[in-house]
Amino acid sequence: MAWKMDGFSILGHVERKCTLSTTSSDNAQEGSEQQTEKISVTFVDKDGEEKLIKVPVGMSMLEAAHENDIELEGACEGSIACSTCHVIVMDVNYYNKLEDPTDEENDMLDLAFGLTQTSRLGCQVIAKPELDGMRLALPAATRNFAVDGYIPKPH
């Protein structure tokens, strides 16, 4: 954005009139911020029902699930202190595109119900362009040691 100042005199006083003008580069930048890149992710629930959603790049699968009314618990709200957001990456090729799990994530995954070779915590799977088309299965159950059966509401 550029500010343009025009000076003019009224009764011996100098006044400034400021106007705001935008340039084409400003408009292009604003447009790109409004059109955040999204990827397609399919969640498959325990009954085999599929839900295809669009997830903004940089968002966790836990957040995306909550924003799209998908029952992925997340009792610790993404602080890697539980395993209730456990998801199973259904294609090993997508699993291999993920960052390696941290020791903290592996410790929590050890507590997960139905652990598989391609299990991850949904709070640690972050959308990026190379994950477009990924399919995530939700386990048949979770182990929530805090409050069994409680399904938290998204924030």
Side-chain angles (χ1 to χ4, degrees), residues 1-3 18 20-155:
M1 287 188 276
W3 288 93
C18 297
L20 176 66
S21 66
T22 59
T23 63
S24 60
S25 65
D26 291 332
N27 291 337
Q29 184 179 13
E30 289 171 10
S32 67
E33 290 172 0
Q34 292 172 351
Q35 296 179 353
T36 303
E37 185 178 359
K38 294 184 178 185
I39 65 168
S40 295
V41 177
T42 302
F43 283 85
V44 181
D45 71 14
K46 63 185 176 193
D47 299 320
E49 292 194 31
E50 298 186 2
K51 184 167 185 178
L52 174 66
I53 64 171
K54 294 289 188 180
V55 182
V57 169
M59 179 179 279
S60 77
M61 294 303 114
L62 175 62
E63 292 172 281
H66 285 180
E67 285 190 5
N68 289 277
D69 297 321
I70 295 169
E71 289 190 25
L72 184 60
E73 191 171 336
C76 74
E77 299 180 353
S79 63
I80 320 177
C82 73
S83 63
T84 60
C85 67
H86 170 218
V87 295
I88 300 164
V89 182
M90 297 178 74
D91 183 335
V92 72
N93 292 321
Y94 283 105
Y95 180 84
N96 290 334
K97 293 177 183 180
L98 298 172
E99 299 290 324
D100 289 336
T102 63
D103 290 341
E104 293 87 348
E105 182 180 359
N106 279 326
D107 289 346
M108 291 300 108
L109 283 169
D110 287 341
L111 303 173
F113 179 87
L115 187 66
T116 72
Q117 290 293 320
T118 59
S119 289
R120 293 297 300 265
L121 296 181
C123 65
Q124 299 303 299
V125 178
I126 307 300
K128 55 186 181 178
E130 54 268 36
L131 298 178
D132 187 44
M134 179 172 60
R135 296 168 51 83
L136 299 174
L138 303 179
T142 63
R143 288 189 177 133
N144 184 345
F145 296 108
V147 182
D148 195 26
Y150 173 73
I151 300 175
K153 302 288 184 227
H155 298 274

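For the single chain, residues carry numbers from 1 onward in sequence order. In this text the structure is predicted, and so the values were computed from the model without any measurement.
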Quiz item: For V41 and L131, what are the C-alpha separation, side-chain angles and deciding distance, and is it a side-chain contact (heavy atoms from CB on, under 4.5 Å)?
Solution: CA-CA 8 Å; V41 177; L131 298 178; over 6 Å; no
Quiz item: Has the side chain of D91 got a donor or acceptor atom that lies under 3.5 Å from a matching backbone atom of N93?
Solution: yes
Quiz prompt | From CD (E130) to CG (N96), nearest 0.5 Å | solution = 12.5 Å
Quiz item: For K97, does the NZ atom sit with more than 12 other heavy atoms under 6.0 Å from it, leaving out its own atoms?
Solution: yes
Quiz prompt | I39 to P129 - nearest heavy-atom pair and separation | solution = CG2-CA, 3.9 Å
Self-check item: Least distance between heavy atoms, I88 atom then G114 atom
Solution: CD1-O, 4.1 Å
Quiz item: Is any side-chain heavy atom of S40 less than 4.5 Å from a side-chain heavy atom of K54?
Solution: yes
Practice problem: Drop me the distance from L121's CG to L109's CG, to the nearest 0.5 angstrom. | Solution: 4.0 Å
Quiz item: Under a 4.5 Å cut-off applied to non-hydrogen side-chain atoms, are T84 and C76 in contact?
Solution: no
Exercise. Determine yes or no for a side-chain-to-main-chain donor-acceptor pair under 3.5 angstrom, with D45 supplying the side chain and D47 the backbone.
Key: yes
Quiz prompt | Student check: side-chain heavy atoms of S119 and H86 closer than 4.5 Å | solution = yes
Practice problem: Ignoring hydrogens and angles, state whether a donor on the side chain of T42 or K51 is under 3.5 Å from an acceptor on the partner side chain. | Solution: no
Quiz item: Is there side-chain contact between L138 and E71, with heavy atoms separated by less than 4.5 Å?
Solution: no
Practice problem: May I ask you to decide if V92's main-chain N or O and T118's side chain share a donor-acceptor pair within less than 3.5 Å? | Solution: no
Quiz prompt | Closest contact, heavy atoms only, P56 versus A127 | solution = O-CB, 3.4 Å
Quiz item: Taking only residues two or more places apart in sequence or in another chain, which ones pass salt bridge (Lys or Arg N to Asp or Glu O under 4.0 Å) with E50?
Solution: R135
Quiz prompt | Approximate separation, where rounding is to 0.5 Å, of M59 CE and I53 CD1 | solution = 8.5 Å
Quiz item: Do S60 side-chain atoms and V125 backbone N/O form a donor-acceptor pair below 3.5 Å?
Solution: no
Exercise. Flag the pair F43 / M61 as yes when at least one side-chain heavy-atom distance between them is below 4.5 Å, and no otherwise.
Key: yes
Quiz prompt | Pairwise distance CD(E63) to CD(E77) - rounded to 0.5 angstrom | solution = 11.0 Å
Practice problem: Drop me the distance from S83's OG to D110's CG, to the nearest 0.5 angstrom. | Solution: 9.5 Å
Quiz item: Looking only at heavy atoms, which two atoms of L62 and C85 are closest? And how far apart?
Solution: CD1-CB, 3.8 Å
Quiz item: In terms of side-chain heavy atoms, does T102 have a donor or acceptor partner in E105 at a distance below 3.5 Å?
Solution: no
Quiz prompt | Interatomic spacing from CE in M90 to OG1 in T116 - rounded to 0.5 Å | solution = 10.5 Å
Quiz item: Hey, are the side chains of E99 and K128 touching, using non-hydrogen atoms and a 4.5 Å cut-off?
Solution: yes
Quiz prompt | Under 3.5 Å donor-acceptor, Y94 side chain and D132 backbone | solution = yes
Quiz item: What are the two closest non-hydrogen atoms of C82 and A75, and how far apart are they?
Solution: SG-N, 3.9 Å
